[in-house]
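Shown next, in structure tokens, is the structure this report addresses.
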Amino acid sequence: MSNEANTPPIATIASLASFEGQTITLRGWLYNLRASGKLLFPIFRDGTGTIQGIVPKAAVTEAVFETLKNLTLESSLTVTGKVRADSRAPSGYELDVENIEVLQRVPEDTPFPITLKEHGVDFLMEHRHLWLRTPRQSAILRVRATIMRAAAEYFDTNGFIRTDPPILTPNACEGTSELFEMDYFDDDKAYLTQSGQLYIEATALALGKVYSFGPTFRAEKSKTRRHLTEFWMVEPEVAFLELDGLLNLAEAFITHIVTTVLAHHRADLKVIGKDIAKLEAVIAPEAATTSESEIEKDASSRPEPKAEWRDPRISSGAPQTSAPVNKFPRLSYDEAHAMLEKAFAEGKIEAPHKYGDDFGSPDETYISSQFSKPVMIHRYPAAIKAFYMQPDPLDPTKALCVDVLAPEGYGEIIGGSQRVDSYDLLKSRIEAHGLPLDAFQWYLDLRKYGSVPHAGFGMGIERVVAWICGLDHVRETIPFARTLNRIYP
RNA sequence: UCCUGAGUAGCUCAAUGGCAGAGCAUUCGGCUGUUAACCGAAGGGUUGUAGGUUCGAGUCCUACCUCAGGAGCCA
């Protein structure tokens, strides 16, 4: 190590443009190495990007040349060199290497397992701790971080208070899904939360507008590209909010996230291979398809929500950004069913949709494929929805709920509803679903002490990352995915 | 839980029931502008496991194991 006063400054690869013509030191790893006789082309990475170095044998000491020539991939090192603009380089810059110091050399008999060639899913997941170092995986995690930051930022700047619910819970929140069970001291069982919704209904009635953001667990044996057993969910809950306001909130929220990603990650999205035009279409202010006009007509025929229950900041569109109002298509369950009937008659989907049933995966894929923006489907039959959803006063067989389907067949990214606010109705619903009343007494209390209309939704982060990045599986959207058949590494 | 498919070198994959192969990775040699560099050479195998059919099984049959895709359920 040099302790001279003229030690070159330490730079990151992402910031090299501001060091053009200067000698700097990078700290990182050897990503790849090409050699052409007495000329070496090492590629370095440091977590912020990659840069190709160039090492003519005559330009460095014999020791530096030989060390680098025989260096193994992913060995850690510091490298000193001069930054030079070069039109042949993908990033526009190259590094004229002057010196190199190896921190740890990867032994050649145990080479870095992830090569630049193709690998199978099983092998990559088994080496997830090393797979993360590849440019594509790093780019995905950067986009994920921005999506999570934008989500929190939207709520933080719009008057929401973050109130995180417990992860250990005494019982099933909804009484349906399979839960991970564990011993809780002597006699009790505890379960990993599958949703914080019931708890943030309590904090919403305390604080007005709240959200939670944390991990969620489902022990269901789902084995598809859309499922993890451990995933992250962000959930807003708002007092005095009705269904239509909830749709506006979801619309502005998603618009803010996509806008933020597009503002910061065009280079990463390019590395990942996402068609950026499809994201730009999501936030485009103009109507995207002809189908939307039919939907608008239907939406306008519905009565306006009571003015005093509308939150002006939410109803005004996207308050955090100055972007024009963005409209996502809105379909009632009945309209979506009609769309599927037509599609089946025209041979566009294989199985007919039975009225009254929930939409299956192929149904959702077809519906979302008809639009370039997320589709909001509202007012499902109450019978197939959770006990806590408020019935539609215009048709009590329907629930005031919404599912938001991501474009391009990525499926449901948001599920939400207006909550039952009547004590008696909620109590009878709990009983009708065969749920233990005593476990829900605290939840019933919320309808006993100053009940108000309130609504909220949950958004699965990993599905949003998969959609925004254009990935074919959610296992790449989280550093260490937990799936049915894998809990290593 | 159900349906379908796949397990062969470290990795990705070939091999009509008849000698176990290639590319990449590793090692050695060559090359002064390479972009998953290229060229030459070497090492590297209990074909997922257990049984069965056959003169002969990576290949056919049975069971099991592992993984993947889908359904259901969900975000």
Side-chain angles (χ1 to χ4, degrees), chain A residues 31-43 50-59 65 69-70 72-74 86-91 94 96 106-127 130-131 134-135 174 176-179 194-197 215-235 350-351 357-365 384-386 402-406 410-416 457-467 472-475 477-478 483-486:
Chain A
Y31 174 67
N32 195 13
L33 176 65
R34 286 183 287 266
S36 178
K38 295 179 177 57
L39 191 59
L40 305 179
F41 296 101
I43 297 180
T50 61
I51 180 107
Q52 172 166 285
I54 178 164
V55 192
K57 187 171 170 61
F65 189 84
K69 183 183 175 187
N70 294 310
T72 43
L73 300 191
E74 285 301 318
D86 192 306
S87 58
R88 290 167 291 193
S91 68
E94 286 189 342
D96 289 325
V106 175
E108 53 272 342
D109 58 342
T110 55
F112 189 70
I114 313 290
T115 70
L116 277 66
K117 292 275 184 176
E118 284 182 64
H119 295 286
V121 169
D122 190 35
F123 180 81
L124 289 172
M125 290 306 289
E126 197 71 15
H127 296 84
L130 304 177
W131 187 25
T134 61
E174 303 179 22
T176 51
S177 301
E178 290 287 325
L179 302 178
Q194 59 163 350
S195 166
Q197 180 209 311
T216 302
F217 307 87
R218 303 278 167 91
E220 283 164 355
K221 296 192 172 178
S222 298
K223 203 166 64 175
T224 80
R225 66 185 64 204
R226 300 178 305 279
H227 288 88
L228 298 172
T229 55
E230 174 183 325
F231 63 98
W232 283 65
M233 192 149 70
V234 56
E235 298 177 275
E350 288 186 13
D357 283 359
D358 207 346
F359 300 120
S361 250
D363 299 328
E364 291 185 349
T365 299
I384 56 170
K385 286 293 180 180
V402 59
D403 281 1
V404 180
L405 308 183
Y410 279 92
E412 184 182 344
I413 53 173
I414 279 180
F457 63 74
M459 185 180 83
I461 292 296
E462 286 73 21
R463 285 190 184 173
V464 172
V465 176
W467 158 51
D472 59 13
H473 201 298
V474 289
R475 66 182 156 230
T477 66
I478 187 168
T483 58
L484 179 58
N485 292 315
R486 187 178 300 282

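Letters go in sequence order (proteins before strands), and every chain restarts at 1. When reading the values below, keep in mind they use all heavy atoms of this one structure, side chains included, and skip hydrogens, waters and symmetry mates.
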How far, in whole Å, is [M] from [N] if one measures between their [atom1] atoms?
{"N": "B:U8", "M": "B:C13", "atom1": "P", "result": "9 Å"}
{"N": "B:G44", "M": "B:A25", "atom1": "C1'", "result": "11 Å"}
{"N": "B:C55", "M": "B:G23", "atom1": "P", "result": "38 Å"}
{"N": "B:G58", "M": "B:U49", "atom1": "P", "result": "11 Å"}
{"N": "B:G45", "M": "B:C3", "atom1": "P", "result": "39 Å"}

Counting only side-chain heavy atoms from C-beta out, which of [options] sits nearest to [X]?
{"X": "A:T72", "options": "B:A68, B:U27, B:C73", "result": "B:U27"}
{"X": "A:T224", "options": "B:A68, B:G70, B:C74", "result": "B:G70"}
{"X": "A:D358", "options": "B:C67, B:C24, B:C74", "result": "B:C74"}
{"X": "A:P362", "options": "B:A71, B:G69, B:C74", "result": "B:A71"}
{"X": "A:L228", "options": "B:A75, B:U12, B:G72", "result": "B:A75"}
{"X": "A:R475", "options": "B:G69, B:C74, B:A25", "result": "B:G69"}
{"X": "A:F123", "options": "B:G70, B:U12, B:C73", "result": "B:U12"}

Across the strands shown, which category fits [X] at heavy-atom distances under 4.0 angstrom: base, sugar-phosphate, nothing?
{"X": "A:H473", "value": "sugar-phosphate"}
{"X": "A:N32", "value": "sugar-phosphate"}
{"X": "A:G120", "value": "sugar-phosphate"}

Considering just the side-chain nitrogens and oxygens of [X], establish if one lies under 4.0 Å of OP1 or OP2 belonging to [N].
{"X": "A:K117", "N": "B:A36", "answer": "no"}
{"X": "A:R225", "N": "B:A75", "answer": "no"}
{"X": "A:T110", "N": "B:G10", "answer": "no"}
{"X": "A:N485", "N": "B:U66", "answer": "no"}

### Query
Between the side chains of A:Q52 and A:E94, is a donor N or O closer than 3.5 angstrom to an acceptor N or O?
yes

### Task
If a protein heavy atom is under 4.0 Å from the base, mark B; if only from the sugar-phosphate, S; if neither, -; do that for nucleotides 29-34 of chain B going 5' to 3'.
--BBBB

Under 3.5 Å on both distances, the Watson-Crick or G-U partner of [N]:
{"N": "B:A9", "result": "none"}
{"N": "B:A63", "result": "B:U49"}
{"N": "B:G40", "result": "B:C28"}
{"N": "B:A20", "result": "none"}
{"N": "B:U4", "result": "B:A68"}

### Message
Please report the interatomic distance NZ(A:K223) to CG(A:N485), rounded to the nearest 0.5 Å.
### Response
5.5 Å

### Message
Return the CZ to CG distance between A:R225 and A:D472, rounded to the nearest 0.5 Å.
### Response
6.0 Å

### Query
When only distance counts, do a donor and an acceptor, one from the side chain of A:T115 and one from the base of B:C11, lie under 3.5 Å apart?
no

### Summary
Assert: residue with more 5' nearest nucleotide on RNA chain B, out of A:F231 and A:H119, is A:H119

## Note on the structure
By nearest-heavy-atom nucleotide on RNA chain B, the more 5' of A:L116 and A:H227 is A:L116

### Task
State whether A:E462 and A:R475 are salt-bridged, where the test is any N-O pair (Lys NZ or Arg NE/NH1/NH2 against Asp/Glu carboxylate O) under 4.0 Å.
no

### Task
Determine, for A:K385 against A:D403, whether the closest basic-nitrogen to carboxylate-oxygen distance falls under 4.0 angstrom.
yes

### Task
Kindly assign one of parallel, tilted or perpendicular to the pair A:F123 and A:H127, based on the angle between their ring planes and the thresholds 30° and 60°.
tilted

